[in-house]
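Working notes for the structure below.
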Amino acid sequence: MAFDGSSIIVMAISCVFLVNLTSSLVLAKGPCQFPAIFNFGDSNSDTGGLSAAFGQAPPPNGMSYFGHPAGRYCDGRLVIDFLAESLGLAYLSAFLDSLGTNFTHGANFATAGSTIRPQNTTLHQSGFSPISLNVQFYEFHDFHVRSQIVRKRGGVYETILPKEEDFSSALYTFDIGQNDLTSGYFLNMSVDEVKAYVPDDIYDVGGRYFWLHNTGPVGCLPYVMERIPVLAGQIDRYGCASPFNEVAQFFNQGLKKTVQQLRKDLPHAAITYVDVYSVKYSLISQGRNHGFNQPLRTCCGHGGKYNYNKNLGCGGKVHKQGKDVLVAAPCQDPSTHVNWDGVHFTEAANRYIFERIVDGSFSDPPRPLNMACYRN
């Protein structure tokens, strides 16, 4: 069943309530004080959603920072973790995780494998999560309502759930779209479905501050280059598959135009569009200048040109002589690699990306993260 993104947008805009203008204006031009982050996305920002639903991301994920698997498909922290750190907030707990979670400073609705457009296959069949963006929105709305009902019980609930006013003062972050491109569905994605990426229905419940990442150069990811062969003439000077990067750029152009229109439609919202595509591509093309000696080769994997095998992922073992033998082991120093497991970036690469987007250099408008509550 196709997801009609336009129907959600129309319903959301039609029921947007009028708020007192002074409540959405920041009176002093000091740094924004975001009490919480609510994140939506895929594995680029999943801090434990898919792991809670379908089993933990196995070792050696988490090895470089946490020392153990931490729900992230990475050797350590993600860009969303660095964003939270920079705002003085705790790492986001996954909405789907019921153990040890604390939602005082927000919640993470992202799950690895998620898409904008709902998939008509199972996770086992395709590798794509059933928790598409519209489902994440449903989860958020449920969380918004029920968290306040539960919080009123007092006691410990007041210490692990956000305040009602935090929802209108929070930063809403988005990083999704990569899986739509690689799934092949993007080729038939409508304009309305591109619009479904943009959070106008969250605006309806008071959200005002939005930080949106465009999608990265998927043609530079080993799992794409290994699984979907292209002609030699379609490989660019840095070793990336141009056709897939062109599709990503086309998606990003559509997203940026949609954001421009939404700024008119949602006059009280501050929407920051962040060009992570350019940052990631520069990281790969100029990685050796920044200590990344292996910009394309996977750190944790096994075999092939890129140390990637779709049938034997990071941490994969084979059974030999009655024993399980680790074959897809991590590299000795993940900080010298851009790519962690053929699909996701290393913590070092994520830090590099964060450090270049946090000051607004790749944002439209060009404002830093801590000023993302301003509309102008």
Side-chain angles (χ1 to χ4, degrees), residues 36-87 89-115 123-124 127-133 135-140 142-143 147 160-162 171-176 178-179 213 216 221 223 298-301 313-317 328 330 334 337 339-351 353-354:
I37 297 174
F38 295 101
N39 182 69
F40 305 82
D42 52 29
S43 57
N44 289 318
S45 60
D46 179 6
T47 56
L50 193 76
S51 290
F54 295 98
Q56 282 294 317
N61 286 294
M63 58 174 276
S64 296
Y65 181 77
F66 300 100
H68 54 79
R72 296 153 175 81
Y73 289 87
C74 177
D75 64 306
R77 289 165 290 182
L78 310 176
V79 173
I80 189 65
D81 293 315
F82 292 116
L83 290 176
E85 280 185 11
S86 72
L87 294 175
L89 302 176
Y91 298 143
L92 296 183
S93 293
F95 168 75
L96 295 175
D97 194 352
S98 61
L99 299 174
T101 50
N102 188 323
F103 299 116
T104 307
H105 300 296
N108 194 347
F109 301 91
T111 64
S114 287
T115 54
L123 179 68
H124 177 73
F128 296 108
S129 170
I131 307 171
S132 50
L133 186 59
V135 176
Q136 294 180 30
F137 286 159
Y138 296 149
E139 292 174 341
F140 167 76
D142 185 59
F143 178 82
S147 65
I160 62 173
L161 293 171
L171 181 66
Y172 292 83
T173 55
F174 293 76
D175 190 335
I176 194 170
Q178 174 177 312
N179 293 318
H213 291 185
L221 299 176
Y223 90 107
T298 294
C299 168
C300 186
C314 177
K317 300 177 180 179
H337 285 65
N339 199 286
W340 167 240
D341 58 3
V343 184
H344 311 102
F345 282 12
T346 61
E347 177 182 278
N350 287 328
R351 180 188 290 277
I353 295 165
F354 164 75

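Note that these values count all heavy atoms, side chains included, but never hydrogens, waters or copies made by symmetry.
Atom CZ of R77 sits about 10.5 Å away from atom CZ of F354, to the nearest 0.5 Å. Taken from NE2 in H337 to CG in D75, the straight-line distance is 10.5 Å, to the nearest 0.5 Å. For the atom pair S129 OG and L50 CG, the distance stands at 5.5 Å (nearest 0.5 Å). Atom OH of Y73 sits about 13.0 Å away from atom CG of N44, to the nearest 0.5 Å. Note: T111 OG1 to D42 CG = 8.0 Å, rounded to the nearest 0.5 Å. To the nearest 0.5 Å, atoms CG (L78) and OH (Y91) are separated by 10.0 Å.
The side-chain heavy atoms of P69 and S51, taken from C-beta on, include no pair separated by under 4.5 Å. Taking the side chain as every heavy atom from C-beta outward, F345 and I353 approach each other to under 4.5 Å. C314 is not listed as a side-chain neighbour of P330, based on a closest heavy-atom distance of 4.5 Å or more. With a 4.5 Å cut-off on side-chain heavy atoms, T101 and I160 do not count as touching.
Pairs engaging residues 49-74 under the salt bridge (Lys or Arg N to Asp or Glu O under 4.0 Å) rule: R72-D81 [sequence neighbours left out].
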>> Before you tell me yes or no, could you show the steps for S45 and D175 under side chain to side chain donor-acceptor pair (under 3.5 Å), namely the whole-Å CA-CA distance, both residues' side-chain angles and the distance that decides it to 0.1 Å?
In response: CA-CA 7 Å; S45 60; D175 190 335; 5.5 Å; no
> Please walk me through it: do V79 and H213 pass side chain to side chain contact (heavy atoms under 4.5 Å, CB included)?
Replying inline: CA-CA 11 Å; V79 173; H213 291 185; 4.0 Å; yes
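Checked by atom type and distance alone, the side chain of E347 never pairs as donor or acceptor with a backbone atom of C74 at under 3.5 Å. In this structure, N179 contributes its side chain and T115 its backbone to no donor-acceptor pair below 3.5 Å. Listed for the S93 side chain is no donor-acceptor partner under 3.5 Å among the backbone atoms of F103. No side-chain donor-acceptor contact under 3.5 Å links Q178 to the backbone of G216. Here the side chain of T47 pairs a donor or acceptor atom with the backbone of L92 at under 3.5 angstrom.
Of the residues F143, F95, F174, the one that meets the ring-ring contact (aromatic ring centres under 6.0 Å, His included) test with F40 is F174. Put simply, the residue from T298, N61, T346 that forms a side-chain hydrogen bond (donor to acceptor under 3.5 Å, both in side chains) with W340 is N61.
In terms of heavy atoms, L133 sits closest to I176 at CB-CD1, 4.2 Å. Among all heavy-atom pairs drawn from N339 and H344, the shortest one is OD1-O, 3.4 Å. Nearest heavy-atom pair across G48 and A94 is C-CB, 3.5 Å. Closest of all the heavy-atom pairs between A36 and G106 is CB-N, 3.7 Å. The minimum heavy-atom distance between P334 and S64, with the atom names listed, is CG-OG, 3.8 Å.
Checked by atom type, the side-chain pair N39/T173 shows a donor-acceptor distance below 3.5 Å.
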